[in-house]
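Here is the structure we will look at.
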2 protein chains.
Amino acid sequence: MIIREACNCPLEVVHGMIKGKWKTMIVYQLKDGNTSLAELERGIEQITQKMLLQHLKEMQASGIVDKITGEGYPLHVEYYLTDRGKKLLSAVLIMQEIGIDYMVEQGQTELLDRKGIDYKR
Amino acid sequence: MIIREACNCPLEVVHGMIKGKWKTMIVYQLKDGNTSLAELERGIEQITQKMLLQHLKEMQASGIVDKITGEGYPLHVEYYLTDRGKKLLSAVLIMQEIGIDYMVEQGQTELLDRKGIDYKR
DNA sequence: CCGTATCCGATCCGATACTG
DNA sequence: CAGTATCGGATCGGATACGG
């Protein structure tokens, strides 16, 4: 892992694991199990393949995700959350709620509707 | 708030709220209630006053923290978590656990001991 | 004690092109 | 479909100095 800084507190460690623009979204996208790179790319709007691969590599190094690689062509790889990643998912789900709350407050429900996100309680 | 990007997903919103090196630590540091700037600065090793103030300002703009300002000298200000901040705290506490797990796995318990963090279950 | 301003190197991330 | 390499602009964050 690339915790190069002097990590003297648990939250600093985790910051190293989730920093970057896309990592929480990748975790969320993996919530339902094994997912191919192409599926991830489709699921996360606007991410580039480069950033997706770069972040996945870092997340693998920090033990949040892992992957299995099939043989033969076309190549097939599946990424999935490790146990640590699943624990992180529980934090990400709270963040998701916070973001939804915020968007509802701001009257941005149209965006949520378009994505089929349920925000009614 | 400075959500300048086109925010089309809840996690992107929250990323805007917590990005930066110190924000999760600030949230954690505020868990026990109102805290002065000086206390925060003492509680978060290595943070500079500039970064602390900058992050607090951003967090205030995104509705995670708020502050009350006393009158007279010496100046006294107290920062505290809003309801949104408290919800975020519940995610931060999970991150804290993940970080502790990681440090225990790596045999870095000495650092946890020094900080008086309980990692025994 | 609280808060602001500037400067500058380090890092991040998007675009793009390319390989197996 | 999966993955790598490079380049350049934008952003981040630490040092430092100053002001209320």
Side-chain angles (χ1 to χ4, degrees), chain A residues 1-9 11-12 15-26 29-30 34-62 65-80, chain B residues 1-9 11-12 15-26 29-30 34-62 65-80:
Chain A
M1 174 169 187
I2 319 94
I3 304 189
R4 26 188 172 331
E5 322 125 73
C7 278
N8 41 26
C9 108
L11 286 174
E12 196 169 353
H15 178 254
M17 294 177 178
I18 65 167
K19 84 174 149 196
K21 189 170 178 177
W22 305 102
K23 291 209 180 76
T24 58
M25 293 183 226
I26 294 172
Q29 206 64 29
L30 289 171
N34 293 24
T35 313
S36 70
L37 190 71
E39 283 169 335
L40 287 173
E41 202 170 350
R42 263 179 270 118
I44 305 175
E45 281 176 24
Q46 306 203 354
I47 197 172
T48 61
Q49 196 185 38
K50 179 209 163 192
M51 289 315 297
L52 180 52
L53 276 160
Q54 179 182 312
H55 278 148
L56 281 169
K57 207 169 181 179
E58 293 165 2
M59 292 163 80
Q60 195 178 359
S62 59
V65 306
D66 208 348
K67 68 175 175 180
I68 52 170
T69 306
E71 311 207 352
Y73 283 81
L75 284 181
H76 191 72
V77 173
E78 290 186 349
Y79 289 90
Y80 58 91
Chain B
M1 175 169 185
I2 319 94
I3 305 189
R4 25 193 175 327
E5 321 125 75
C7 278
N8 41 27
C9 110
L11 286 175
E12 196 169 352
H15 179 254
M17 293 178 178
I18 65 167
K19 83 174 149 196
K21 189 170 177 177
W22 306 101
K23 290 208 180 76
T24 58
M25 292 183 226
I26 294 172
Q29 206 64 27
L30 288 170
N34 292 23
T35 314
S36 70
L37 190 71
E39 284 170 334
L40 287 173
E41 201 170 351
R42 263 178 270 118
I44 305 175
E45 280 176 25
Q46 306 204 351
I47 197 172
T48 61
Q49 197 186 36
K50 180 210 163 191
M51 289 314 298
L52 181 53
L53 277 160
Q54 180 181 313
H55 278 146
L56 281 168
K57 208 170 181 178
E58 293 165 1
M59 291 163 82
Q60 196 179 358
S62 59
V65 306
D66 207 348
K67 68 174 175 179
I68 53 170
T69 307
E71 310 206 353
Y73 283 81
L75 285 180
H76 192 71
V77 173
E78 291 186 347
Y79 289 90
Y80 58 91

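Just so we're on the same page: letters track the sequence lines, and every chain starts at 1. Below, all heavy atoms of this structure are taken into account, side chains as well, without hydrogens, waters or symmetry copies.
- Within 4.0 Å (heavy atoms only), B:T69 reaches no atom of the nucleic acid at all.
- Considering all non-hydrogen atoms of both residues, A:G43 and A:Q29 come closest at CA-NE2, 3.4 Å.
- With sequence neighbours excluded, no residue forms a side-chain hydrogen bond (donor to acceptor under 3.5 Å, both in side chains) with A:T35.
- For the segment residues 70-80 of chain B, residues with any heavy atom less than 4.0 angstrom from an atom of DNA chain C are, sorted by number, B:L75, B:V77, B:Y79.
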For DNA chain D, what string of dots and brackets results from 5' to 3' when Watson-Crick and G-U pairs need both distances under 3.5 Å, crossing pairs get [ ], and pairs with another strand get |?
||||||||||||||||||.|

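- Distance CG (B:N34) to C1' (C:dC1): 17 Å, rounded to an integer number of Å.
- Distance B:L37 CG to D:dG20 C1': 14 Å, rounded to the nearest Å.
- Taking atom CD of residue A:Q46 and atom C1' of nucleotide C:dG14, one finds them 11 Å apart after rounding to whole Å.
- When the side-chain hydrogen bond (donor to acceptor under 3.5 Å, both in side chains) test is applied to B:Q54, no partner is found at least two apart in sequence or on another chain.
- An OP1 or OP2 oxygen of C:dG14 is reached within less than 4.0 angstrom by a side-chain nitrogen or oxygen of A:K21.
- With rounding to whole Å, A:E58 atom CD is found 14 Å from D:dT4 atom C1'.
- Distances shown here put every side-chain N or O of A:K67 at or beyond 4.0 Å from the OP1 or OP2 atom of D:dC1.
- Contact annotation: the side chain of A:M59 never approaches that of A:M17 to less than 4.5 Å [non-hydrogen atoms, C-beta and beyond].
- Rounded to whole Å, atom P of D:dG14 lies 12 Å from atom CG of B:L52.
- Applying the side-chain contact (heavy atoms from CB on, under 4.5 Å) test to B:L53 and every residue at least two apart in sequence or in another chain returns B:L37, B:Q49, B:Y79.
- Regarding contacts with the backbone of C:dC13, a side-chain N or O of A:H55 is found under 4.0 angstrom from either OP1 or OP2.
- Between the side chain of A:K50 and the base of C:dG14 there is at least one donor-acceptor pair of N/O atoms closer than 3.5 Å.
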Apply the test side-chain contact (heavy atoms from CB on, under 4.5 Å) to residues B:E78 and B:K67: give CA-CA distance (whole Å), side-chain angles for both, the deciding distance (0.1 Å), then the verdict.
CA-CA 5 Å; B:E78 291 186 347; B:K67 68 174 175 179; over 6 Å; no

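- The distance between atom NZ of A:K19 and atom C1' of C:dC13, rounded to the nearest whole Å, is 14 Å.
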Begin from the C-alpha positions of B:C9 and A:E45 and carry the test side-chain contact (heavy atoms from CB on, under 4.5 Å) through to its verdict.
CA-CA 9 Å; B:C9 110; A:E45 281 176 24; over 6 Å; no

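- For A:A38, whose side chain is taken as the heavy atoms from C-beta onward, the closest listed nucleotide among D:dG13, D:dA2, D:dT4 is D:dA2.
- Between B:E58 and B:K23 there is a salt bridge, since a side-chain N of the basic residue sits under 4.0 Å from a carboxylate O of the acidic one.
- Across all their heavy atoms, A:W22 and A:I44 have their closest contact at CE3-CG2, 3.7 Å.
- Atom-to-atom, CD1 of B:I47 to C1' of C:dG3 comes out at 14 Å; the value is rounded to the nearest Å.
- Rounded to whole angstrom, the span from the CD atom of B:E41 across to the C1' atom of C:dG3 amounts to 11 Å.
- Picking from D:dG3, C:dG14, C:dT4 the nucleotide with the shortest atom distance to the side chain of A:L53 gives D:dG3.
- Residue A:Q49 is classed as a base contact, given a heavy-atom separation below 4.0 Å to a base.
- When the side-chain hydrogen bond (donor to acceptor under 3.5 Å, both in side chains) test is applied to B:E41, no partner is found at least two apart in sequence or on another chain.
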